Amino acid sequence: MEKALQTFSDHFSINVVATDPVLMMNSMRVFQTSIMASLGIRPVYYVTVYPRSVFNREREREALERARRTMEQEQAQRDLEMARTLQRSADVTAGQTLLIDDGFHDADDSQQGLGALPGDAGKSVRIKVRDKSGKDTLLLVTTATTVQAIIDNYVNMAGLSAKTAVTLEFDDERLDPSSTIGDTEIEDDDMLTAYWR
């Protein structure tokens, strides 16, 4: 392999051997001390030659990409587990269905695919509830869901005492607990702020 690399290097204006090259064949590293017979019997050998610095940068980039993908998958798993926990703790009553969006549905899913119960009145609205510490909770509710149902569920999700007085505000206006989401100007991706004493 060293002889082949030297012959290859002779065709360039720079000395390829001096760049401390890394040799790759079919995604496997090949060492300069390798003999052709150890690579298998082939009529032609296609070996990619990388200068060491380029190879190291590429390996770092691949490692960062793998780490990023792993972190995204772990975060998605944690979000899904939290959504499932919140879904189980939700008090679902007819006409006041509180749904949690797990983020793992296709864009063309129907309301049924989002977990809505058959016969639910109103369309689905995705909202975010932010508490005073800045923690966000994503919810999917229907326009028939009352503000009180959201408050009751939020008390359970946040682990607050049932006696805790929670209020929700939208655009700096306090929401009436007896009103429904459809009675307000709340639309998809709007944020509510939760306050309690």
Side-chain angles (χ1 to χ4, degrees), residues 1-90 98-111 113-115 124-141 153-154 156-160 187-194:
M1 207 52 164
E2 285 178 297
K3 187 176 180 182
L5 185 60
Q6 188 59 51
T7 303
F8 174 76
S9 179
D10 291 343
H11 291 10
F12 293 96
S13 59
I14 61 167
N15 184 358
V16 175
V17 176
T19 66
D20 192 19
V22 175
L23 310 175
M24 300 292 288
M25 185 174 103
N26 297 332
S27 302
M28 291 177 35
R29 189 158 178 200
V30 177
F31 294 96
Q32 293 181 30
T33 56
S34 299
I35 58 173
M36 295 297 185
S38 69
L39 302 177
I41 299 174
R42 294 193 171 116
V44 177
Y45 296 92
Y46 293 100
V47 178
T48 307
V49 179
Y50 295 98
R52 171 82 53 190
S53 60
V54 172
F55 179 76
N56 289 343
R57 276 195 310 266
E58 184 62 20
R59 281 183 47 196
E60 287 173 15
R61 187 193 63 76
E62 289 172 358
L64 287 172
E65 181 63 23
R66 276 193 309 274
R68 184 191 62 77
R69 277 195 312 266
T70 300
M71 285 175 39
E72 285 176 354
Q73 290 171 345
E74 289 171 353
Q75 182 62 43
Q77 186 64 35
R78 283 192 300 270
D79 290 348
L80 180 58
E81 281 302 314
M82 182 177 184
R84 287 180 178 155
T85 301
L86 297 176
Q87 181 81 35
R88 285 190 294 270
S89 70
L98 188 61
L99 305 169
I100 309 300
D101 179 9
D102 65 9
F104 288 100
H105 53 77
D106 295 330
D108 63 343
D109 279 350
S110 66
Q111 187 176 11
L114 292 174
S124 296
V125 178
R126 189 184 337 251
I127 61 172
K128 182 188 312 184
V129 178
R130 177 171 287 171
D131 66 16
K132 54 188 170 185
S133 70
K135 180 181 173 191
D136 291 342
T137 303
L138 299 175
L139 302 173
L140 183 66
V141 299
N153 191 13
Y154 184 78
N156 289 334
M157 293 184 310
L160 302 173
E187 298 175 349
D188 263 346
D189 300 320
D190 279 341
M191 184 178 72
L192 306 180
T193 308

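Quantities reported herein were computed from a predicted structural model and do not represent experimental measurements. Just the heavy atoms: all of them, side chains too, but no hydrogens, waters or symmetry mates, feed the values below.
Nearest heavy-atom pair, Ser124 versus Asp188, reported as atom, atom and distance to 0.1 Å: O-OD1, 3.9 Å.
The neighbour count for Arg59 CZ, taken as heavy atoms of other residues, nucleotides or ligands under 6.0 Å away, does not exceed 12. Dense packing is recorded around NZ of Lys132, with more than 12 heavy atoms of other residues, nucleotides or ligands lying under 6.0 Å away.
At a cut-off of 3.5 Å, with distance as the only test, no side-chain donor of Glu60 or Asn56 sits close to an acceptor on the other residue.
A distance of 4.5 Å separates CG of Asp136 from NZ of Lys128, quoted to the nearest 0.5 Å. Once rounded to the nearest 0.5 Å, the distance linking CD of Glu72 with CD of Gln77 reads 14.0 Å. Atom-to-atom distance recorded for Arg68:CZ and Gln73:CD is 9.5 Å, nearest 0.5 angstrom. Rounded to the nearest 0.5 angstrom, Ile127 CD1 and Leu192 CG are separated by 4.5 Å. The distance from the CG atom of Leu139 to the OH atom of Tyr154 is 9.5 Å, given to the nearest 0.5 Å.
A 4.5 Å side-chain heavy-atom check between Met157 and Thr137 finds at least one atom pair inside the cut-off.
Between Arg78 and Glu81 there is no salt bridge, since no side-chain nitrogen of the basic residue lies less than 4.0 Å from a carboxylate oxygen of the acidic one.
A donor-acceptor contact shorter than 3.5 Å is absent between the side chain of Asn156 and the backbone of Asn153.
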Inset, instruction - Begin from the C-alpha positions of Arg61 and Glu58 and carry the test salt bridge (Lys or Arg N to Asp or Glu O under 4.0 Å) through to its verdict. - result: CA-CA 5 Å; Arg61 187 193 63 76; Glu58 184 62 20; 2.6 Å; yes

